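All remarks here apply to the structure that follows.
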Amino acid sequence: MRIGIIGCGQLARMMALAGIPLGLKFSFVADGGPDTDLSCVEGLGPVAPWQPGQSVSALYEALGKPEVITVEKEQVDLELVRALEAHCIIRPNVDSIAKCKSRIHEKQLLAELGIPCAPFTYDVSLEESAKTLDYPMVIKSLDEGYDGKNQWVVRSNDDLVSVAPNLKQGHYLAEQWIPFDAEVSIIGVRGASGEVSCYPLTENQHQNGILVRSMAPARGLSGEMVQQAQSYMTKLLQAQEYVGVLAMELFVLGDKLLVNELAPRVHNSGHWTQLGAQTCQFENHIRAVAGLALGATSAIGKTGMLNLLGVVAPPMDALSSNASLHWYNKAAKPNRKLGHINFMLDDYAQLVSQMQSVEQSLVKC
Ligand code: ATP
Ligand code: MG
Ligand code: MG
């Protein structure tokens with residue numbers, strides 16, 4: 001069986017690296033998305049370039065006629081995905097990808113299912129948004145946002161005046177700033193036969209909107225909160241008849257959980273599962289989209305994941321008996337995600353201190 005992946009980044013790379021041992025073949029669509037570096041998928045299967053207006057049948061041929069196509073990102077050309085649906089199965093389904101592509105459709109989906117998120121306004125003036133939400137608020141473009149790009153924190157009328165020229169009403173939403181205690185995420189997976197499984201929750205630390213560190217299983221959450229997150233995830237997977245991995249980012253505010261956003265794909269906050277879970281998110285996504293039985297999602301230890309942002313070369317010195325390195329083979333640029341290291345240790349305090357000392361030793365560009 002061949003699986004086509006739209007996108008050629010590190011997520012496509014790690015999905016293929018997880019699926020190859022299962023005897024699956026891969027091919028990749030190079031659609032010129034932001035931050036593409038074809039060297040990520042070098043040697044893993046054919047890469048077919050694609051631009052709007054080109055023949056989709058020719059693309060499908062160039063991909064080696066995969067039985068299934070999946071995505072490594074939500075920012076895909078939906079017309080392309082819909083046209084590919086005439087040739088093979090798309091997993092997750094196009095409607096799920098489309099809903100996660102636009103922040104407003106995503107919020108509407110959450111509202112329909114009774115899943116809480118941060119208060120927001122849409123399609124009103126910035127002044128009206130500020131009246132409704134008060135400062136600080138965060139303005140987010142409806143799509144084309146990742147790693148905190150295309151968002152603006154507005155703390156005052158002056159800030160409002162300075163961001164206004166970037167924004168066209170109806171093309172963004174404004175969200176109340178949530179003074180969260182922590183950020184967590186949950187990765188869930190639904191198989192083609194409808195079975196659902198969730199990984200333990202992950203604690204995430206961001207800097208300037210970019211994920212830097214994750215720890216799993218997340219600390220300090222009550223059993224009820226974990227169950228709540230699992231029930232939101234299960235509801236979404238079932239309502240959308242979703243097949244594959246779905247990621248949900250959440251804010252923890254006291255004993256409440258508010259959804260920040262969804263990603264219809266494998267997710268950076270699930271990279272720890274490569275070392276710390278019985279089956280990693282990449283293998284489970286591939287098993288799901290290939291119509292195979294899922295693997296167990298339970299944690300086998302306490303794991304930390306450190307993103308290698310703008311690190312000039314693979315930090316081989318960080319390797320040790322409890323640490324594993326995943327290098328993406330991309331050209332180094334400041335703040336770019338170039339790899340990550342997973343660490344596993346029984347003791348959280350020791351895990352944090354090991355991660356800190358590796359982080360301090362990294363040489364960045
Ligand atoms: P990703 O790379 O995860 O897709 P993104 O560009 O889609 O990121 P968000 O997840 O919406 O961006 O926001 C990035 C980060 O900014 C969040 O993880 C959080 O730290 C902060 N943030 C976003 N929205 C809010 C909010 N309403 N209140 C407080 N912090 C926020
Ligand atoms: Mg996002
Ligand atoms: Mg996010």
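Computed from a prediction, not measured in an experiment: that's the story for all the values here. Just so you know, ligand 1 is whichever comes first in the structure, and atom 1 is the first atom listed for that ligand.
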For ligand 1, find out whether one of its N or O atoms is nearer than 3.5 Å to an N or O atom of R103.
yes
Is the shortest N/O to N/O distance between K337 and ligand 1 below 3.5 Å?
no
Just need the protein heavy atom nearest to atom 2 (O) of ligand 1, so name the residue and atom and give the distance.
D147 N, 2.7 Å
Would you say F251 has any N or O atom under 3.5 Å from an N or O of ligand 1, going by distance alone?
no
For a quick test of your reading: what N or O donor-acceptor pairs under 3.5 Å do the side chains of residues 244-253 make, sequence neighbours left out?
unit_1, atom_1, unit_2, atom_2, d
E249, OE1, N260, ND2, 3.1
E249, OE2, H267, NE2, 3.0

Side chains of K101 and Q75: is there a donor and an acceptor less than 3.5 Å apart?
no
Would you check if the side chain of N329 reaches a backbone N or O of S39 as a donor-acceptor pair within less than 3.5 Å?
yes
Donor-acceptor check, side chain of T279 to backbone of A296, threshold 3.5 angstrom: yes or no?
yes
Can you tell me the protein heavy atom closest to atom 18 (O) of ligand 1 and the distance?
E183 OE1, 2.6 Å
Protein heavy-atom partner closest to atom 24 (N) of ligand 1 - residue, atom, separation in Å:
K140 NZ, 2.9 Å
When you measure from atom 15 (C) of ligand 1 to every protein heavy atom, which one gives the shortest distance, and what is it?
G209 CA, 4.0 Å
Answer with yes or no whether the side chains of N322 and Q354 bring together a donor and an acceptor at under 3.5 Å.
yes
Would N166 and Y172 count as a side chain to side chain contact (heavy atoms under 4.5 Å, CB included) here? Give the steps.
CA-CA 10 Å; N166 295 318; Y172 62 85; over 6 Å; no
Closest non-hydrogen atom pair, V189 against A288:
CG2-CB, 4.0 Å
Show which atoms of ligand 1 fall inside a sub-4.0 Å distance from at least one heavy-atom site of E249.
3 (O), 10 (O)
Hey, is atom 21 (C) of ligand 1 touched by any protein heavy atom at less than 4.0 Å?
no
Shortest protein heavy-atom distance from atom 6 (O) of ligand 1, along with the residue and atom involved
G148 N, 2.7 Å
In this structure, atom 1 (P) of ligand 1 is nearest to the protein heavy atom E261 OE2, 3.3 Å
Backbone of A216 reached by a side-chain donor or acceptor of T202 within 3.5 Å:
no
Could you list the atoms of ligand 1 found under 4.0 angstrom from a heavy atom of V138?
24 (N), 25 (C), 26 (C), 27 (N)
Donor-acceptor pair, side chain of E106 and main chain of L262, under 3.5 angstrom:
yes
R190 to Y242 - nearest heavy-atom pair and separation:
NH1-O, 2.9 Å
Electrostatic pair R213:E359 at N-O distance under 4.0 angstrom
yes
Sphere of radius 2.8 Å around the Mg ion (ligand 3) - protein N, O or S atoms inside:
E249 OE1, E249 OE2, E261 OE2
Could you establish whether Q151 and ligand 1 come within less than 4.0 Å of each other, counting only heavy atoms on the residue side?
yes
Verify whether one side chain among N157 and Y135 offers a donor that lies under 3.5 Å from an acceptor in the other.
yes
If you measure every N/O of I178 against every N/O of ligand 1, is any gap under 3.5 Å?
yes
Intermediate values then yes/no, side chain to side chain contact (heavy atoms under 4.5 Å, CB included), L22 and R287:
CA-CA 9 Å; L22 303 178; R287 283 163 73 150; 3.9 Å; yes
Would you say the side-chain atoms of K302 pair up with the backbone N or O of D346, donor to acceptor, closer than 3.5 Å?
yes
Before signing off on this row, confirm whether E175 and ligand 1 have an N or O atom pair separated by under 3.5 Å.
yes
How does N150 reach ligand 1, by side chain, by backbone, by both or by neither, if only non-hydrogen atoms under 4.0 Å count?
neither
